There are 2 protein chains.
Amino acid sequence: MSEQAASRVWQRMRALVLEQHDRRREVCAELGMSFIKVKALRRIARGPLTMRELTEQLSTDKPYTTLVVDYLERRGLVERSVHPDDRRCKIVTVTAAGQAASKVAEGIINEPPSVILELPPAELAALDRTVAKLAVD
Amino acid sequence: MSEQAASRVWQRMRALVLEQHDRRREVCAELGMSFIKVKALRRIARGPLTMRELTEQLSTDKPYTTLVVDYLERRGLVERSVHPDDRRCKIVTVTAAGQAASKVAEGIINEPPSVILELPPAELAALDRTVAKLAVD
DNA sequence: GGAAACAATTACAGATGTAGAACTAACTAC
DNA sequence: GTAGTTAGTTCTACATCTGTAATTGTTTCC
């Protein structure tokens, strides 16, 4: 029954990501900020965003986004500027320091668990191909 | 380079679990409680636990565990009883109502994303075998 | 039996995140 | 130009979570 296999796969993937290899605490300790702020920083580092876009990405509300960006700006990691075409909007951009901090975060978060690295090369390659199909983005 | 493949696999698994198919909001809305309380309920439903054990499972602190269990007990989902061999300990057990609520939560959380179900059977079977290797627990 | 250790609770302080209402400034469309 | 809309901010209130210290009852070990 392939439905059961799918369920098994899903539960194990969840366990791996959320329990066995959760690096959130580590990242927060390293950067000295809450995880939602790390997430905000990483998104901004990926490319400039308006406040509204960032609010959507973080799935939070506008007032809190203001607080988060205030915090990151105070630490010199991001900057606000007025949108050239629509002066109501602000564009949030990462600074050099922010880019560096984001890289540190990515390094910790994207470090794969050793169990994946230890797979036989052929099996890893197959896994790579399959998982690529699962990721829409 | 298999290190890059491992990194790719990991990042895509994370995206799938945390972004594409995150059911946390849904579960919280359905059960009317915060996610940490859902997590506590699910752990207790899996089998009786002492407060200390539950504290470890939730990776929180003792006082907060007391509050969480107070809440679940007030809603009639779990019960506290004294440990027969060590009267310092309390054993937290799920009630019938709690078991039912937990099943609802599991149903939502464990429902695999459709992309997994849609894989060709042979590929799903291979994925199932590989992922089983990755899950230590 | 007494000291030390442990489980759980209580009390408390503080950080973090969620949410609504009201406001300003800027844009859009008629 | 004026009405309605949108982006962002401020203010406020609250829920949630984290962390420390002290307290109670119980167990363990000498």
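Values in this document were obtained by computation on a predicted structure and should not be read as measured data. Note on naming: letters A, B, ... go to the chains in the order of the sequence lines (proteins, then strands), and numbering restarts at 1 for each one.
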By nearest-nucleotide position on DNA chain C, the 5'-leaning member of Arg87(A) and Glu53(B) is Glu53(B)

From CG of Leu49(B) across to C1' of dA7(C) the rounded distance in Å is 14 Å

Overall bend of the helix from dG1(C)-dC30(D) to dC30(C)-dG1(D) (five pairs an end, 10° steps) is 30°

Picking from dA7(C), dA25(C), dT27(D), the nucleotide nearest the side-chain atoms of Asp86(B) would be dT27(D)

Within residues 32-44 of chain B, the residues having a heavy atom closer than 4.0 Å to DNA chain D are Ser34(B), Ile36(B)

Rounded to whole Å, CZ of Arg24(A) lies from P of dT18(D) at a distance of 11 Å

Test side-chain hydrogen bond (donor to acceptor under 3.5 Å, both in side chains), reference Thr55(B), set Thr60(B), Thr65(B), Thr66(B), Asp61(B), output is Thr65(B)

To the nearest angstrom, the CG-C1' distance between Leu67(A) and dC11(D) comes to 11 Å

Note to self: Taking any heavy-atom pair under 4.0 Å as a contact, classify Thr65(B): base, sugar-phosphate, or nothing.
What the structure shows: nothing

note: Asp70(A), atom CG; dT16(C), atom P; distance rounded to Å ~ 14 Å

On a heavy-atom basis, the closest approach of Asp128(A) and Val9(B) is CA-CG2, 3.5 Å

Q. Can we say Glu106(B) and Arg42(B) salt-bridge, meaning some charged N sits less than 4.0 Å from an Asp/Glu carboxylate O?
A. yes

Under 4.0 Å between a side-chain N or O of Arg80(B) and OP1 or OP2 of dT9(C)? yes

The nucleotide from dA8(C), dT27(D), dA25(C) with an atom nearest the side chain of Lys90(B) is dA8(C)

Rounded to whole Å, CZ of Arg52(A) lies from C1' of dT5(D) at a distance of 13 Å

TODO: Could you check if a side-chain atom of Leu124(A) sits within less than 4.5 angstrom of a side-chain atom of Glu118(A), using non-hydrogen atoms only?
DONE: no

N or O in side chain of Arg88(B) less than 4.0 angstrom from dA8(C) OP1/OP2: no

Keeping His21(B) on the side-chain end and Ser114(B) on the backbone end, is there a donor-acceptor pair under 3.5 Å? no

Give me, pair by pair, the N or O atoms of the protein and of nucleotides 19-23 of chain D that are less than 3.5 Å apart, along with how far apart they are.
{"from": "dG19(D)", "atom 1": "N7", "to": "Asp61(B)", "atom 2": "OD2", "distance (Å)": "2.8"}

Notebook entry, point to check: Any side-chain donor paired with an acceptor under 3.5 Å for Glu3(A) and Ser7(A)?
Noted result: no

Next on the checklist: Distance alone, cut at 3.5 Å: any donor-acceptor contact between the side chains of Glu79(A) and Thr95(A)?
Outcome noted: no

Flag, side chain of Trp10(B) to backbone of Val17(A), donor-acceptor distance under 3.5 Å = no

Rounded to whole Å, the NE2-P distance (His83(A) to dT6(D)) equals 16 Å

* Is it true that a side-chain atom of Glu53(B) and a backbone atom of Thr50(B) form a donor plus acceptor pair closer than 3.5 Å? -> yes

Heavy-atom closest pair (Leu127(A) atom, Leu127(B) atom, distance to 0.1 Å) is CD1-CD1, 3.5 Å

Discussion item. Strictly distance-based, threshold 3.5 Å: is any side-chain N or O of Glu26(A) a donor or acceptor partner for the main-chain N or O of Ile109(A)?
Written reply: no

- Query: Taking Glu30(B) for the side chain and Val104(B) for the main chain, is one N or O donor matched with an acceptor at less than 3.5 Å?
  - Reply: no

